[in-house]
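Reviewing the structure listed below.
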2 protein chains.
Amino acid sequence: MAHEQFFFSQHKEDKNIFIEAGEHQHLSRVMRKRPGDTIWISDGKGSSYKTKILEIDQENTKCEILERHPKFGEPENRVSLAVGIIKPAHWEIMLEKAVELGVHDIYPLMTQYTVVKSLKRERSEKIILSALKQCGRSYLPILHDPVPFNEFIKQKRDEITFICDNQDDYPQMEGGMAVKDYLVLIGPEGGFHPDEVKLALQHSAQPVLLTNRRLRTETACLAALNRLVV
Amino acid sequence: MAHEQFFFSQHKEDKNIFIEAGEHQHLSRVMRKRPGDTIWISDGKGSSYKTKILEIDQENTKCEILERHPKFGEPENRVSLAVGIIKPAHWEIMLEKAVELGVHDIYPLMTQYTVVKSLKRERSEKIILSALKQCGRSYLPILHDPVPFNEFIKQKRDEITFICDNQDDYPQMEGGMAVKDYLVLIGPEGGFHPDEVKLALQHSAQPVLLTNRRLRTETACLAALNRLVV
């Protein structure tokens, strides 16, 4: 699959998949694909399909499914991140790289030290979709709505596995972690407020240090994914 | 050290370190540090110092060394990257994150598929220095001059440990790698030319796949560092 081109479509009918709108324009005008060409399509729900183009008309591209590949390009476990919102330039790097590194869900957190309080949702979703196609994944990671820290902890209670913060007294995360699902809290620039850490620890979160260097928020996200995604 | 401010200086005399030029301006004007304040200084050669500011004059800041910390913020092993040159926006993300993740040396490679053939050295070095201070490292990673792929392989011969490429038939890199020094080849966008792969394999390089997803060049750099830096 190394050099295959991935497209995205959630419109599937029996043995055919239809590529529409912007994806269709891109396929037909920019990539200049033709009937008979083989393309890969991700449905964003966990499967990718090897298909043959049957017809390209004004409105859409009709493809015949040749092979279905469940979990194509997907990790074995689910690693989700709950991240203090950071400046758009850093946030966007985080999103792109997190998708490449196999993130499952992303929960933007509003914390005591977050300066940025909102996200450009449309732009963020574009980046996620584009990274999905670039790296050839089958599952489209979900970007949730921003949520205040305390509320998130209450919602997720016992699901939270780690809280990562630049604190000297935290134990360093070990290599070779167990293959299971993880939900990891990562602070914004400036880290978490001590009250937030306390609340997380009162629930299921274990404190961990990712390295003996101070990592920026987006780098911490990538380091955590790299350690936990299998 | 979590909230300490790091400065950079290679001017050390006996028990004192002098902060000069732009670093001095930043310290005195922007950060508004005063005599008596404690600051951390990295010498870029592998040690960091906890110091007390003695004097701030027009030209420089004189600091007294309180504690010397060899290998502060440094990994136990040396992991260096030889990377096909990519577009500046991606290259700069790679540099910043690679420093945070503990890279030792960086060798920019001109390969058959590199489109970009040169680097903005001054800008690249600024990014490396700024990342060093941000993450609190003691060793300033060296950015070497761009070198043609074949020449690099000849120069480094038996030192090259891995070649990472998006090839389906490469074995996946395992977790829990041995703590030793590594020199890893990472292709530019589009990967390595088959002849380049062949040449690398004829020397000491082992082929590895970092994930079952296609990673961008800069993401592959970070994933490799994350697996190998201890």
Side-chain angles (χ1 to χ4, degrees), chain A residues 1-6 71-76 89-90 92-94 96-102 131-139 165-170 172-177 179 189-191 209-216 218-230, chain B residues 1-6 71-76 89-90 92-94 96-102 131-139 165-170 172-177 179 189-191 209-216 218-230:
Chain A
M1 76 99 184
H3 301 288
E4 296 298 341
Q5 193 76 38
F6 272 76
K71 294 206 80 185
F72 190 88
E74 290 301 317
E76 287 176 42
H90 297 264
E92 292 172 6
I93 291 170
M94 186 279 287
E96 180 179 290
K97 304 300 164 223
V99 174
E100 288 180 72
L101 295 172
L132 165 130
K133 291 190 285 175
Q134 200 277 325
C135 72
R137 282 187 68 173
S138 312
Y139 174 75
D165 213 356
N166 290 313
Q167 298 297 334
D168 294 339
D169 55 345
Y170 281 12
Q172 207 156 327
M173 188 186 275
E174 287 168 31
M177 301 294 296
V179 182
E189 296 301 318
L209 199 60
L210 290 162
T211 72
N212 59 349
R213 290 170 295 285
R214 253 186 319 217
L215 300 182
R216 284 186 181 277
E218 70 276 15
T219 318
C221 290
L222 312 183
L225 287 172
N226 245 300
R227 307 284 183 88
L228 300 173
V229 169
V230 180
Chain B
M1 78 99 184
H3 303 290
E4 295 298 343
Q5 194 75 38
F6 272 75
K71 294 208 78 184
F72 189 89
E74 289 302 318
E76 288 176 42
H90 297 264
E92 292 172 6
I93 291 171
M94 185 278 289
E96 180 179 290
K97 304 299 164 223
V99 174
E100 288 180 71
L101 295 171
L132 167 129
K133 292 190 286 173
Q134 200 275 325
C135 72
R137 281 187 69 171
S138 311
Y139 174 76
D165 212 356
N166 289 314
Q167 297 298 335
D168 295 338
D169 54 346
Y170 282 10
Q172 207 155 328
M173 188 186 274
E174 286 168 30
M177 301 295 298
V179 181
E189 296 302 318
L209 198 61
L210 291 162
T211 71
N212 59 349
R213 289 170 294 284
R214 253 187 319 217
L215 301 182
R216 283 186 181 278
E218 69 277 15
T219 318
C221 290
L222 314 182
L225 288 171
N226 245 302
R227 307 284 183 88
L228 300 173
V229 169
V230 180

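Heavy-atom basis, side chains included; hydrogens, waters and symmetry copies ignored. All chains are named by letter (A, B, ...) in the order of the sequence lines, taking the proteins before the strands, and each is independently numbered beginning at 1.
Residue with the most contacts toward chain B among Gln134(A), Arg137(A), Arg227(A), Glu218(A): Gln134(A) (heavy-atom pairs, distance under 4.5 Å).
Of the two parts of Leu222(A), the backbone and the side chain both hold a non-hydrogen atom closer than 4.5 Å to a non-hydrogen atom of chain B. Both the backbone and the side chain of Leu101(B) have a heavy atom closer than 4.5 Å to some heavy atom of chain A. With a 4.5 Å cut-off on non-hydrogen atoms, Val229(B) touches chain A through its side chain but not through its backbone. Of the two parts of Glu74(B), only the backbone, made up of N, CA, C and O, holds a non-hydrogen atom closer than 4.5 Å to a non-hydrogen atom of chain A.
The closest donor-acceptor contact from the side chain of Glu100(B) to the backbone of Arg216(A) lies under 3.5 Å. Between the side chain of Asn212(A) and the backbone N or O of Phe72(B), no donor-acceptor pair lies under 3.5 Å. Between the side chain of Arg214(A) and the backbone N or O of Lys133(B) there is at least one donor-acceptor pair closer than 3.5 Å.
Across Arg213(A) and Pro75(B), no two heavy atoms sit closer than the pair NH1-CD, 3.6 Å.
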